[in-house]
Amino acid sequence: MLSSDPVFRFAPSPNGELHLGHAYSALVNHGLARSAGGRFLLRHEDIDTVRCTPAFERQVEEDLAFLGIAWDEAPRRQSAHMHDYAAALEALAAEDLVYPAFMTRGEVKAFVENFEEAEGRSWPRDPDGAPLYPGLDRHATTAERERRMSAGERFAWRLDVERAIEMVPALTWDEKGASPVGESGTIVARPLEWGDVVLGRMDVPTSYHLSVVVDDAIQGVTDVVRGRDLFYATSIHRLLQALLGLAAPRYLHHPLILGPDGRKLSKSAGDTAIRALREAGLKAEDIRRMVGLPGRPDQNGPDQNGPA
Ligand code: GLU
């Protein structure tokens, strides 16, 4: 293997069973890695140590093996690398790019509904539909922050996104798939749409956004292949990469496998869980066909651009 060979990864959270949507994502990732002569890595995104369990992690590995997917090195488990994320968070803190934010999600919702929307003012929402953080404590004095933190008030580390974008040039990424509305090619990142995202918690020095970016860089990932539900999050990922001096991978956001009701599958997807399908006697090739891929990896058929 040359160091310039592409590196792909599949990065599920072991907080439930893999379903057909995960199978599609993993199969496409693995297929692209193999046809590019690259490496395929597995990463367990288990920073939520309450919901993620070793049993789900084992099941992820069993399901992937059943699908004929092999990974090229020992899986990286995020919970074992908290020091890497803490170092990244400290680097951002040293630049004054994060602040302790004391409003909970519920308080943000109440603030927006009771004070802003009740007065007829519209309040911006992020691409997932959550109201943006009001940032009332963004400019608190150091003394005030320390007083609240030492009084044991709960807080999260949030990115000061307006300050952050001033520190980097305009950012883009190379999109090999497509956004939910069909944008492809060079995409302009719009991190402001997310507001001051959470990058760490009081007791866990990271969040999804921070650890995914740090890990992709540490693992030398060149190609991020994942579902379109994460297309918009890439704006924040590009911003964090630029702030932390990390290389940008290529991205391919693929369509999602939807349930019969037209909705995204969930981890409690019951009969679309790979384990249930396995136990019902289906073979890997049946599952490949169910997600619109040819029964065997070497056959021609629909590609990563769309499940049937
Ligand atoms: N862990 C994330 C998930 O299970 C995926 C992260 C990624 O592919 O960037 O949805």
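Every number for a ligand or one of its atoms is a count from 1 in the order of the listing. Basis for what follows: all heavy atoms, side chains included, without hydrogens, waters or symmetry-related copies.
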Q) Do S25 and H254 have a side chain donor and acceptor closer than 3.5 Å? A) yes

Q: Could you tell me whether the side chains of D128 and Y232 share a donor-acceptor contact shorter than 3.5 Å?
A: no

Q) Would you say H22 contacts ligand 1, with heavy atoms under 4.0 Å as the rule? A) no

**Q.** Contact atoms of ligand 1, heavy-atom distance to R9 under 4.0 Å
**A.** 7 (C), 8 (O), 9 (O)

Q) Are Q219 and R76 close enough that a side-chain donor and a side-chain acceptor fall under 3.5 Å? A) no

Q: Give the atoms of ligand 1, by number and element, whose distance to some non-hydrogen atom of V212 is under 4.0 Å.
A: 9 (O)

Q) Would you say A11 and ligand 1 have an N/O pair spaced under 3.5 Å apart? A) yes

Q: Answer yes or no: is there a side-chain heavy-atom contact under 4.5 Å between L32 and D223?
A: no

(Q) Parallel, tilted or perpendicular: which one describes the rings of H22 and H19, with boundaries at 30° and 60°? (A) tilted

Q: Under 4.0 Å from a heavy atom of R226: give me the atoms of ligand 1 that qualify, with their elements.
A: 7 (C), 8 (O), 9 (O)

(Q) Heavy-atom contact check, 4.0 Å cutoff: does F10 meet ligand 1? (A) no

